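Owing to the predicted nature of the structure, the values given are computational and were not obtained by experimental measurement.
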Amino acid sequence: MAKDFLSRLLIYEKQSNHFEVEVKLKNEIKEFLISNPQSASVDSDTIFIHYHHVILNWWLSSTTESYLSKENNKFQLSINQIIKEPQMSSLQKTFYIHKIRNIDYCFTDDALQSLKSLNTLSRTVIITDITTLTTMKVIQLLRNREDSDLLIIDLEYVMTLMTIHFCKLIEELSKTKKLVIMVCNSKQDTERLTQLEQAIAKLKLIIITQKLLIETVNKYFLPTEIIYDEKQSLIDLTPDSKNVLIKTAEVIFQDETIDLELLIDDISVKFINRTVLSKIMRGETLNIGGSLSSFNYEEIKNVYINRKVSQTTVLDDNINPMYFKAHEDYFSIYSNEKYDDLERNVPLDTFIDIKDHAVLITAPPGMGKSTLLTHLSIKTKEFDKTLWIVRINLLEHSKQFYNWQVCETDMDSIETMKFICQIILKNHDLEISLKEIDNKMYLDDCTSDEWAAFVLNLFLHSYNNGKVIFLFDGFDEICPNYKDCVIKFFHIVKNYPQKNKMWVTSRPYCDILPDLKRIIGKSYGLEYINETEQEMYLKKIWKYKLKFDQFTNIQRHNAFSFINFMSENQLINNKTADSLQLKLREIYYLFNNYILLNMPPVDIDSPLYFDQYNSYNSFGITDKDSLNTNNETKYVYDAFGAARPIKVRLQDETLLRSPLLIYLIADYFVNLICNKTKSYQWDPYINVHKIYEMFIETKLKKILFEEKNKMDIYNPDIMDRFKQDLVDCRILHMKLAACLLFGSPVFSTESFEEFEKIDPLMQRGFAELDRMIDIIKAGKERTGLISHLTVDNLPVYIHATFTEYFAAEFMCEVFEAKVFEITDKILLYCALICSYSCEPILAWIYGKRKLNKNLDEIISHIESQLPFISHWYRELFYCDGWSRKQSIRLMASSEKDFESIDTFKYNEDYVEKLKALQPKERDMHIQKIRETIVPNMKPHLKKHFIKTDDAACSSTSLDI
């Protein structure tokens, strides 16, 4: 007997919850419908909802009824009822699916108290803020009443029915005897309301609406009683319903899908107000905190390589000296950058890898500071999904810094946290009131926006518990205009009592680093990627982008022709190539090797077989199977000849250690090989400008023609259109970038009258800027170079170097334009030289000079007119009392602007003698030299220095 009992005993280890039971029941209903063709017109969701009510009514019934079994016909009766009333059943299903996720949630008796006087014999209006929640209350209240056969009509869906379906609904309503619960959320079509009222005139009716719509309800449905429903927050649910809701609700919290219960504790549960509760009950996934990823990161995340930083403790005064003459290449302006006294090299995978709560990361442009922050954000969230990461791109909030500065705002913890809260909500117009109690921050008021209040309460709760990481990107981009203001902001954030982590990124400019280090403390330089990482990065990009097995014959031919080209051109040995070209050409050989090792063989019958045979044979390769990493060196040696070391290595040079440039170079080769419509003629002479230009051209070509419109770009008419589009694209971006970096007109903050006509907006003001922004909003800017628009409606490029590249192109156009006077061009050139933020612009201009002989001659002529352009002159005559505008005017002056040429006798030899003096004596001589400048100026120049001329001394000659 015991054995028989045990053999029949079943132990359920895990019982399904009600959601899993719902899925199983719906699946069984689907199987039933498949096996019963006569019920094919009915869908499983409608049957489930109807049958659910039948079972619930049976469960709550006070009378004794038989147990539900296979012999019971309630299920079939549900199907019959649906077939009889298809439109009413469909409306019922639509409401439950879209408005109520779980119809079993229950409210407490206290929350139902205001509705207990509900009289179903009269026409009652219930006024509420959230109609869905009140509807659930009414359903719960009426479940165990005799008149529990309910019909829910949501006017939102009724008014969108096709006419034929609406007429069918009216017919069904005129025959039913159910109690109608009508949900009204907005003003509706008057003609249909009239027909609806006539159809339900004799039915019991409960109308659930909002206060603003009571006039419409009174006009058409003549209610006899009005009730107000107020208690609609999470705490008004029964404990069981509350627990089920929190455990089953999903949240997308900064890209991570998590259960709501991970974010909610005994304190934060009170933040779930009626608006949030309604969203959860409708089955909406709450999206909190925004995305941490970016367009840039999505482009490279599959090839991302981990980065390292080196801690610096001593500021090197030589970091980024002012650009004053031609340099070797674009990135050579950073060649003097030094990171002394390194304490350690830190590999970074999450923000937790550095224990300090405040961290400064510095690196030149293109080094991947912003991408690093994005990568670390995503990886840190994988480590702890409940962390709240707040990323602030400082340049996007210049307007706020301007307001603080102009209004002389008394910045404190309340003001700065209010600013951060507005950033989190992406709404600077929202009025927020905060209060600080016992060094903790709380939301006081949020202008009746309940969703915003919920988000901010959650954020402040995370902040108060030290679960926030603040990221401030691009400090250098708001300098010098708002440097002091933002430094003060950083100081307040860093000294919040909760000590949440904060990271700041900046380019390493010597005029801003001392203040940053003083406030932040620990400083780390982002390391360049080493030669091994460079090769790995290039190969990862090529592996991800080059799908050899999907190549067309033209693309295969391009690959083989490249190999032939490499065998015929000893690029590295070309004596006419400069050092930059030599650096770039080394990648030619890496790419050549990559194709040799990874290009699959073509079939012997293919017309490309001999192309492949000839290209491989040119490197002495007769057997494709013999190609492997072990003999890679041999083929590279053959290509390089005796002038090169045997193994391919990228030189440890600044230029090719920038991840952005390496990515663009890798992409450059991919685009040449992957051209689907025309063979490419290989060019051994490449430079940074050509790479950027090809990147932009390829973007436009790919998006405009090949991917979207499938046009043949080599059709003459299409080619002409493309060329015009490319010109229009470049003009648009030159104007935008120049306006973003220099203002309208250029250097507008300095108010040079000479620059009034040098205006990116062509003196049309903000109307022209708005026109260009409208082009972007309308999707007519198709290159993808614009990442997004800020809250102030200003465009942000996918990388700062693109802004600088286009701004430099604009300046080159100005220098070459014949409409501007040479004196204006001289002043403009000096304005660029006197601004730290313009160093990258000057580097781009220098690169352009190498490609454009006319431009080079113009700028060379400008430089020959400027004696003060010499670095030693600027050091000699620098005066703390002068504004940048005055410094620019002095820089642009020459002998003809002075009464005496004695000023210019202080040559380089004189400076060398000064250096030999003791500091005190040297300073005395330099001060006297500076005091001779203004008195010797001619009136047209002196008028700009009147304020500094009060204590001018005579131009006495000095001897050493």
Side-chain angles (χ1 to χ4, degrees), residues 46 49-50 52-63 77-78 80-82 84-96 99-100 103 107 112-128 131-159 161 166 168-185 188 192-210 213-229:
T46 306
I49 292 169
H50 197 283
H52 182 278
H53 281 299
V54 171
I55 295 174
L56 197 59
N57 290 340
W58 166 83
W59 182 264
L60 296 173
S61 175
S62 58
T63 60
L77 289 175
S78 295
N80 295 341
Q81 187 68 29
I82 293 169
K84 181 181 177 182
E85 300 173 340
Q87 293 304 321
M88 289 167 49
S89 299
S90 177
L91 282 176
Q92 192 98 325
K93 180 196 79 171
T94 302
F95 177 80
Y96 278 107
K99 295 295 179 70
I100 302 178
I103 57 181
F107 288 85
L112 296 173
Q113 192 63 41
S114 63
L115 302 180
K116 287 190 175 179
S117 62
L118 186 63
N119 182 3
T120 56
L121 298 178
S122 63
R123 288 199 160 193
T124 304
V125 173
I126 305 176
I127 296 178
T128 180
T131 56
T132 303
L133 299 181
T134 300
T135 302
M136 293 187 67
K137 285 185 176 183
V138 171
I139 294 171
Q140 178 183 340
L141 200 63
L142 298 179
R143 275 175 183 165
N144 57 355
R145 293 195 183 185
E146 294 181 0
D147 51 4
S148 60
D149 195 5
L150 310 175
L151 170 64
I152 300 174
I153 296 179
D154 192 331
L155 294 183
E156 177 184 344
Y157 304 124
V158 171
M159 297 304 163
L161 289 174
F166 178 75
K168 182 63 178 174
L169 173 64
I170 295 299
E171 182 183 340
E172 292 175 13
L173 287 173
S174 63
K175 297 176 181 179
T176 191
K177 295 182 179 179
K178 293 181 178 180
L179 188 157
V180 177
I181 300 175
M182 183 180 293
V183 181
C184 180
N185 279 313
Q188 307 294 347
R192 286 200 170 187
L193 285 178
T194 302
Q195 292 177 267
L196 196 60
E197 161 56 18
Q198 292 172 354
I200 62 174
K202 297 180 181 180
L203 298 179
K204 299 173 184 177
L205 178 64
I206 297 173
I207 302 174
I208 301 173
T209 189
Q210 296 170 333
L213 301 174
I214 189 64
E215 185 178 337
T216 301
V217 170
N218 287 336
K219 179 179 178 181
Y220 288 96
F221 300 100
L222 304 175
T224 57
E225 185 180 4
I226 296 179
I227 298 175
Y228 291 88
D229 181 35

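Remark: Ser114 engages Asp229 in a side-chain contact (heavy atoms from CB on, under 4.5 Å) (not counting sequence neighbours). Residues that satisfy the side chain to side chain donor-acceptor pair (under 3.5 Å) test with Glu197, not counting sequence neighbours, are Arg123. Thr128 meets the side chain to side chain donor-acceptor pair (under 3.5 Å) test with Thr134, Gln232; sequence neighbours excluded. Contacts of Glu171 classified as salt bridge (Lys or Arg N to Asp or Glu O under 4.0 Å), with partners at least two apart in sequence or in another chain: Lys175. A search for side-chain contact (heavy atoms from CB on, under 4.5 Å) contacts involving Leu203 returns Thr176, Val180, Ile200, not counting sequence neighbours. Under the salt bridge (Lys or Arg N to Asp or Glu O under 4.0 Å) criterion, Lys177 pairs with no residue, sequence neighbours left out.
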Exercise. Is there a side-chain contact (heavy atoms from CB on, under 4.5 Å) between Asp154 and Val158 once you walk through the steps?
Worked result: CA-CA 6 Å; Asp154 192 331; Val158 171; over 6 Å; no
Exercise. Passes side-chain contact (heavy atoms from CB on, under 4.5 Å), Asn185 versus Thr209? Steps please.
Worked result: CA-CA 6 Å; Asn185 279 313; Thr209 189; over 6 Å; no
Problem set entry | Test log, rule side-chain contact (heavy atoms from CB on, under 4.5 Å), inputs Ile206 and Met182 | CA-CA 6 Å; Ile206 297 173; Met182 183 180 293; over 6 Å; no
For this session: Check the pair Thr124, Ile207 against side-chain contact (heavy atoms from CB on, under 4.5 Å), reporting the backbone distance first and the verdict last.
Result: CA-CA 6 Å; Thr124 304; Ile207 302 174; over 6 Å; no
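The shortest non-hydrogen separation linking Gln140 to Phe107 is OE1-N, 2.7 Å.
When side chains are defined from C-beta on, Ile127 does not count as touching Ile227, because their heavy atoms never get closer than 4.5 Å. By the 4.5 Å heavy-atom criterion applied to side chains, Met159 and Leu193 are counted as neighbours. Using a 4.5 Å heavy-atom threshold, the side chains of Ile226 and Ile126 count as separate. Looking only at side-chain heavy atoms (C-beta outward), Leu151 and Leu179 stay at 4.5 Å or farther from each other. Contact of the Leu142 side chain with the Leu150 side chain is registered, since non-hydrogen atoms from C-beta on lie closer than 4.5 Å. Side-chain contact between Leu196 and Arg192: absent, with no pair of heavy atoms (C-beta onward) separated by less than 4.5 Å. Residues Glu156 and Val183 fail the side-chain proximity criterion, which asks for heavy atoms closer than 4.5 Å. Here the side chains of Val125 and Ile214 are in contact, with some heavy-atom distance below 4.5 Å.
A distance of 6.5 Å separates CG in Leu112 from NZ in Lys116, rounded to the nearest 0.5 Å. Between atom SG of residue Cys184 and atom CZ of residue Phe221 there is a gap of 7.5 Å, rounded to the nearest 0.5 Å.
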